[in-house]
Structure formats: structure tokens, C-alpha cells
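Just so it is clear, the values below take in all heavy atoms, side chains as well, and ignore hydrogens, waters and symmetry mates.
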Amino acid sequence: MSKYIFITGGVVSSLGKGVVSASLGLLLRACGLQVTFLKFDPYLNRDAGTMNPYQHGEVFVTEDGAETDLDLGHYERFADVTLGRRSNVTTGQIYGAVLERERQGAYEGATVQVIPHVVDAIKDAILDASGDDVDVTLVELGGTIGDIEGMPFIEAIRQFMLEKGKGEALLLHLVLLPGLLTGGSELKTKPAQHSAQKLRECGLHMDFLLCRTEGPVTKEARDKLALHTNVRAERVIGVPDVKLIYNVPFKLHEQGLDRMICTELGLPYSEPDLSAWQAFSDAMGAEQEVRIVAVGKYSGNADAYKSLGEALLHAAAARGARLVLDWIEAETLESGDAEAVLRGYDGLVVPGGFGLRGAMGKIRAIQWAREGKVPYLGLCYGLQCAVIEFARNVCGAQDAISAEWATDDEDVDLDRCWVTLLDNQGKATPLGGTLRLGSQPCRLEPGSLARDAYGADLIDERHRHRYEVNPDKVRVLENCGLRISGRHPENRLVEVIELSESGQWFVATQAHPEFKSRPLRPHPLFLSFIDAAMEQK
């Protein structure tokens, strides 16, 4: 039977509950325990798939095709686990399930209410996420204590902990300890006290209080918090700002959080071996640097391409280089001298996206890389834009477009569409859930850059896209020198392209390999790209 750790937040949002949860998962895994995760998101959306990246950040895709919160990426990377759709549950999913049961008569005519029906569905989701052979399930609640949309989840946690009993579940509460704006060193504890009071009003008592600060938690602040929140002083844990999120596990371990949690839950504890994690952290401070530019559509939000930045970081660290990653908004390259903006970088990445906005800027960046023999890595939309750039500037099809760029009421000349919907896809509406999602197989061509990078003939990568390279244009692309180096083994869809006989590292994939990269197991395609970029210097 699994033990349970609930992680809530107070005072302000975006304190880093996801990184704290992931760090704790890493520490428990290093102690020899099996862990899994569950993220509750109290919004009414069914999932993150249709949410604005500027507001919500990256949509992280799981192996089984769920479009989830980006915190699942933290969980997978830190704890080196593979999660699925059961690990991200929204209010929309809970209410959808309850209403469906009501329509089926499962409640036998009872008046359906938040308590007990919605709360029971939330508790069922907790049990469902635990799975088999799991020692600890970490459950993070999005938002801040006191948010009205989070109240059913808080009540479910209260009931769940009561039903499980002492030693089976515990609660960590993360708060902000601000300093005075006048430059004084005093940490203000009153907001944290109020947050703890709000928890008690909801019938919950925290077992550990985690404090996000700019620096260390002073003894005075720790003692005051212990007194006013009814938590022992040694269980007031500092979570100071760090330059790299991968250093957070060390901060928690130094204060004995992992040991105290195992003691509280009656779990075996052994000193975790963090030597490999320490070596990875040290490698990110290397003197040699590799300069990469990424041209995206949502570059104004650093979280919109979170997994991509981390995958590049993992690969650079593995090669003993310090990553310098600059983001450029694609629209800014649609006019002016793109070469002047991009000059001096060792490699170019064009990540995923949807729609016409910024596409011409991406195409200009790809042309710069192709003609200048700069290492290029295209991901998802980055493959589609590379196909259209090649069609226009090499194959002579100046009017080449993607069918995605046409408006709904526009009569599109399908012969212009080098990227299109396939016949069996039909009208891709509504938007939610109509993409090709999750793990898909790909067979790589012998002797290709992709095959050399992966070291395997058959691979699996996660997808999140709707449009495909037009099968009717493949022969023309190949005749003009574009190599189709990876295809779906069953339906022969284009999965990987590269330039043939160019002496250049130019690879684009329809997949999102960034989702599978790990700090201690960098993704092979990113390693190969970083190798080529370092040779460029």
C-alpha cells in the first residue's frame, strides 16, 4: 500500500511546488523507494491542451498521449519516472466524470453534490494514481490555499488523510517569506502564519512548513513560525533561491527533509547517493560554452518551451559545456536582416507551435541555417517549416504552404499544401483531443544522422501535432535532396528529415524528443545536435 505526501501552497502562486515535489521524489527514489506523482489542477479545462502557452506555459505530453501540466515534466526529469494521464487531474475531468455517472444512473436518483460525490471522485483519483508497487505517491495541488476553485480538493485531502490515519499520509505546505523592501534582513512571517491559519480552518494541519526565501531562513524566523503554526522548528524547511532548479534537492536533503519524512511514514531510510546528480550540477558550470538560438512563437514566456531548454541543458552538461540559450520571437525575423540577428550562434532550434503567426520568421531562420551550414534541429512544427522552406527555396515551389495556414472559409489549392491534413483526418474539430498524441514508433534509415544518433533502427517518441507532410510531395522532396530518414513503420508517415550529402547536421523530427530527456540520461538526438554545434565553434 502506498503512503501519501500532499503538497500545497500559500501566500502567492508560482512558488515552485512542482520543483519541490520533483526534488522530494528524487530524494526518495535515491533512498530506494518507488514513487509516483499526481498533479491536481483546479481549473475547469479538461486538460492543458487548448490553453494559451503565454498563460499556462508548456503542454507536457505523456507516453499515453495526455496533454498535461508542465509540472509533470519536472516530475519525470527529476525522479526519472514515466507518468501517464492518471497523473494529472483537473476540475473539468472530475466534474465530467461525476456528471457522466449521474447520466448513467450510478447515483440511484440521489441529489448530486460537491460533498460527497465530487469529493469522492477526487479521492478515487488519488487512489487511481497510486498504481501497483508504489511506496510513496506525491500529490501536488495547484493554486494557493484559499482559492475557491481549490476547496473541493482541500476537502478531499482532509477526508483522505483522516481515513488513512496517522503514519499513512502527511502534508507539506510551501509559503513565501518576503523580506522588507527597505533592504533590511528581517523575514516577514505574518503571511505564512495566515496561510497556516487558513489550512487549519479547512481542517488540515501541516506536518512540514517549507519556506521560499531569497536566502537562508533565520533562526528567529524559524522559531516564530514554529510557535505560530504549530510545527516543530526542525520541520520548518528553507527553500532558498538557487541559480539552477537542479540544486533544490541538495537544499532539502541538507535539512533532513527526506529522513524526517521516511521516519514519519514508517518507511526505510538509507542515505541517498547523490554523487551522479552532483556531477551533473557541477557540469553546468563548465568554462566552455555552446551558443544555441531558439526561434519560437511563444518565446516571451520562459515556461512555454520548458522541456526543450532542459533537454539542451542536459546534453550540453553531458558534453562538458555550459549552455548559452537565447530565445528569439519568430515574428521579429519576418522583416529586416535575419542573418544579422542570428549570426554568431553555434546551432539553431525551431520548436513546435501552431498557426501562421511567426511561421515566416521560422522559415527565414531555417533558410539561414541551411544555407550557412549551421547545425539545425527542428521539432514538430520545426519539421513542417523546414519542409516548406526547402520546397520554396530548393524545389522551386515558391507558393508552398501548410494547409494549417488557410482560414476556415478559404478555398485552398491542395497542390500548394506541402503540409496537410490526411484524407482520413477530415475536419479536425473540435480542437481538444484531435491531435496525434503520445508515443509513436519510427523506423530510421541506415546510415542517416538520426540512425547514428539513436543507435537503433526502431525508436519511439512522443507526438503532439495535427498536420503531416503531404505524401504526394515526398518524391519531389527526395529528388531535390531532402532525405526522409524516419517513417512510421505502418502508415509510412514522414517522421524525420535531414539533408542528404550536405556535410551538415540538419535534422528535423515530427516528434517532441525533448519530453524524454533526463538530466542523467540526455536524449541522444540532443547529444548529437550539441556535438555538431560544438564542432561548429
Visitor: If only side-chain N and O atoms count, and only distance matters, is there a donor-acceptor pair under 3.5 Å linking Glu63 with Thr82?
Guide: no
Visitor: After noting the C-alpha distance and the side-chain angles of Phe529 and Trp505, does the key distance pass the ring-ring contact (aromatic ring centres under 6.0 Å, His included) rule?
Guide: CA-CA 7 Å; Phe529 171 65; Trp505 203 98; 5.6 Å; yes
Visitor: With the threshold set at 4.0 Å, does a side-chain nitrogen-carboxylate oxygen contact exist between Glu287 and Arg322?
Guide: no
Visitor: To the nearest 0.5 Å, what is the distance between CG (Leu356) and CD (Glu404)?
Guide: 9.0 Å
Visitor: Using 30° and 60° as the class limits, which term best fits the ring planes of Trp277 and Phe78: parallel, tilted or perpendicular?
Guide: tilted
Visitor: Give me the atom names and distance for the closest heavy-atom approach of Asn45 to Thr90.
Guide: O-OG1, 2.8 Å
Visitor: Restricting to non-hydrogen atoms, name the atom on Ser517 and the atom on Pro522 that form the minimum distance, rounded to 0.1 Å.
Guide: OG-CA, 3.8 Å
Visitor: Would you say Leu383 and Val496 make side-chain contact, with heavy atoms under 4.5 Å?
Guide: no
Visitor: Students often mix this up, so state it plainly: with edges at 30° and 60°, are the rings of Tyr454 and His523 parallel, tilted or perpendicular?
Guide: perpendicular
Visitor: Does the side chain of Val387 reach to within under 4.5 Å of the side chain of Val494, using non-hydrogen atoms?
Guide: no
Visitor: Show your working on side chain to side chain contact (heavy atoms under 4.5 Å, CB included) between Val139 and Ile7 and close with a plain yes or no.
Guide: CA-CA 6 Å; Val139 183; Ile7 300 97; 5.9 Å; no
Visitor: What is the distance from atom CG of Leu348 to atom NZ of Lys362, rounded to the nearest 0.5 Å?
Guide: 10.5 Å
Visitor: Checking Arg464 side chain against Leu437 main chain: does a donor-acceptor pair fall under 3.5 Å?
Guide: no
Visitor: Do the side-chain N and O atoms of Ser307 and Arg77 include a donor-acceptor pair separated by under 3.5 angstrom?
Guide: yes
Visitor: Atom OG1 in Thr36, atom CG in Leu83: separation rounded to 0.5 Å?
Guide: 5.0 Å
Visitor: Among Lys306, Arg518, Arg521, which one satisfies salt bridge (Lys or Arg N to Asp or Glu O under 4.0 Å) with Glu76?
Guide: Arg518
Visitor: Quick one, Thr68 with Val59, criterion side chain to side chain contact (heavy atoms under 4.5 Å, CB included). Give me CA distance, side-chain angles, the key distance, then yes/no.
Guide: CA-CA 6 Å; Thr68 71; Val59 175; over 6 Å; no
Visitor: Less than 4.5 Å apart, any side-chain heavy atom of Phe526 and any of His314?
Guide: no
Visitor: Is the side chain of Arg357 donor-acceptor paired with the backbone N or O of Lys297 at a distance under 3.5 Å, no angle test?
Guide: yes
Visitor: Would you please test Asp346 and Arg291 for salt bridge (Lys or Arg N to Asp or Glu O under 4.0 Å) and show each step?
Guide: CA-CA 5 Å; Asp346 305 316; Arg291 295 177 55 83; 5.7 Å; no
Visitor: Is a donor on one side and an acceptor on the other found under 3.5 Å between the side chain of Arg392 and the backbone of Ala397?
Guide: no
Visitor: Testing the 3.5 Å rule here: is there a donor-acceptor pair between the side chains of Glu140 and Tyr75?
Guide: yes
Visitor: For a 4.5 angstrom cut-off between non-hydrogen side-chain atoms, does Asp69 reach Phe60?
Guide: no
Visitor: Scan side-chain atoms only and decide if Asn88 and Asp41 contain a donor-acceptor pair under the 3.5 Å cut-off.
Guide: yes
Visitor: Closest approach of Leu252 and Ser23, non-hydrogen atoms and distance?
Guide: CD1-CB, 3.9 Å
Visitor: Taking side chain as C-beta onward, heavy atoms only, is Ser448 less than 4.5 Å from Arg483?
Guide: yes
Visitor: I'd like to know if the side chain of Trp418 pairs up with that of Ser402 as donor and acceptor (distance under 3.5 Å, no hydrogens or angles considered).
Guide: no
Visitor: Are any of the side-chain nitrogens in Arg364 or Glu334 under 4.0 Å away from the carboxylate oxygens of its partner?
Guide: no
Visitor: Quick one about Thr137 and Ser130 (side-chain donor to acceptor, distance below 3.5 Å, no hydrogens or angles considered), yes or no?
Guide: yes
Visitor: Do the side chain of Asn470 and the main chain of Val419 share a donor and acceptor less than 3.5 angstrom apart?
Guide: no
Visitor: Any sub-3.5 Å donor-acceptor pair from Gln34's side-chain atoms to Asp132's backbone N or O?
Guide: no
Visitor: How close do Ala386 and Ile366 get, counting heavy atoms only, and between which atoms?
Guide: N-CD1, 3.6 Å
Visitor: If only atom types and distance count, is the side chain of Gln384 paired as donor or acceptor with the main-chain N or O of Tyr467 below 3.5 Å?
Guide: yes
Visitor: Going by distance alone, is a donor N or O of one side chain under 3.5 Å from an acceptor N or O of the other, for His512 and Glu58?
Guide: no
Visitor: Counting distance only, does the side-chain N/O of Tyr4 pair as donor-acceptor with the main-chain N or O of Ile126 below 3.5 Å?
Guide: no
Visitor: Looking at the rings of Phe354 and Tyr381, which for Trp means the six-membered one, are their centres under 6.0 Å apart?
Guide: no
Visitor: Can you confirm whether more than 12 heavy atoms, excluding those of Asp133, are under 6.0 Å from its CG atom?
Guide: no
Visitor: Treating Tyr305 as the side-chain partner and Tyr298 as the backbone partner, does any N or O pair qualify as donor plus acceptor under 3.5 Å?
Guide: yes
Visitor: Pairing donors with acceptors under 3.5 angstrom, does anything connect the side chains of His56 and Asp303?
Guide: no
Visitor: Determine, step by step, whether Leu257 and Leu27 satisfy the side chain to side chain contact (heavy atoms under 4.5 Å, CB included) criterion, reporting the C-alpha distance in whole Å, the side-chain angles of both residues, the deciding distance to 0.1 Å, and the verdict.
Guide: CA-CA 9 Å; Leu257 179 60; Leu27 293 173; 5.8 Å; no
Visitor: Roughly how far, to the nearest 0.5 Å, is the CG atom of Leu499 from the CD1 atom of Ile497?
Guide: 7.5 Å
Visitor: Could you tell me whether the side chains of Gln510 and His488 share a donor-acceptor contact shorter than 3.5 Å?
Guide: no
Visitor: Flag yes if more than 12 heavy atoms outside Gln278 fall under 6.0 Å of its CD atom; otherwise flag no.
Guide: yes
Visitor: Taking atom types as modelled, is there a side-chain donor on Ser281 or Asn247 under 3.5 Å from an acceptor on the other?
Guide: yes
Visitor: Minimum heavy-atom separation for Lys251 to Pro240, with atom names?
Guide: CD-CG, 4.1 Å
Visitor: Would you name the heavy atoms of Val35 and Val81 that are closest together and state the gap between them?
Guide: O-CG1, 4.0 Å
Visitor: Can we say Asp241 and Arg212 salt-bridge, meaning some charged N sits less than 4.0 Å from an Asp/Glu carboxylate O?
Guide: yes
Visitor: Taking the side chain as every heavy atom from C-beta outward, state whether Leu333 and Trp368 have any pair of such atoms under 4.5 Å apart.
Guide: no
Visitor: Does a salt bridge link Glu495 with Arg443, judged by any charged N lying under 4.0 Å from a carboxylate O?
Guide: no
Visitor: Using 0.5 Å steps for rounding, measure from the CZ atom of Phe40 to the CZ atom of Phe6.
Guide: 7.5 Å
Visitor: Could you tell me whether the side chain of Leu38 reaches within less than 4.5 Å of the side chain of Leu138, counting heavy atoms only?
Guide: no
Visitor: Applying salt bridge (Lys or Arg N to Asp or Glu O under 4.0 Å), run through Glu389 and Arg370 and close with a yes or a no.
Guide: CA-CA 10 Å; Glu389 188 278 326; Arg370 180 181 59 79; 2.8 Å; yes
Visitor: Is the backbone N or O of Gly84 less than 3.5 Å from a side-chain atom of Asp64, with the two atoms forming a donor-acceptor pair by type?
Guide: no
Visitor: Report the C-alpha separation of Val349 and Val293 in whole Å, then their side-chain angles, then the decisive distance to 0.1 Å, and conclude whether the side chain to side chain contact (heavy atoms under 4.5 Å, CB included) test is met.
Guide: CA-CA 6 Å; Val349 179; Val293 59; over 6 Å; no
Visitor: Distance from Leu482 atom CG to Leu477 atom CG, nearest 0.5 Å?
Guide: 5.5 Å
Visitor: Using a 3.5 Å distance criterion without hydrogens, assess whether the side chain of Ser528 forms a donor-acceptor pair with backbone atoms of Leu525.
Guide: no
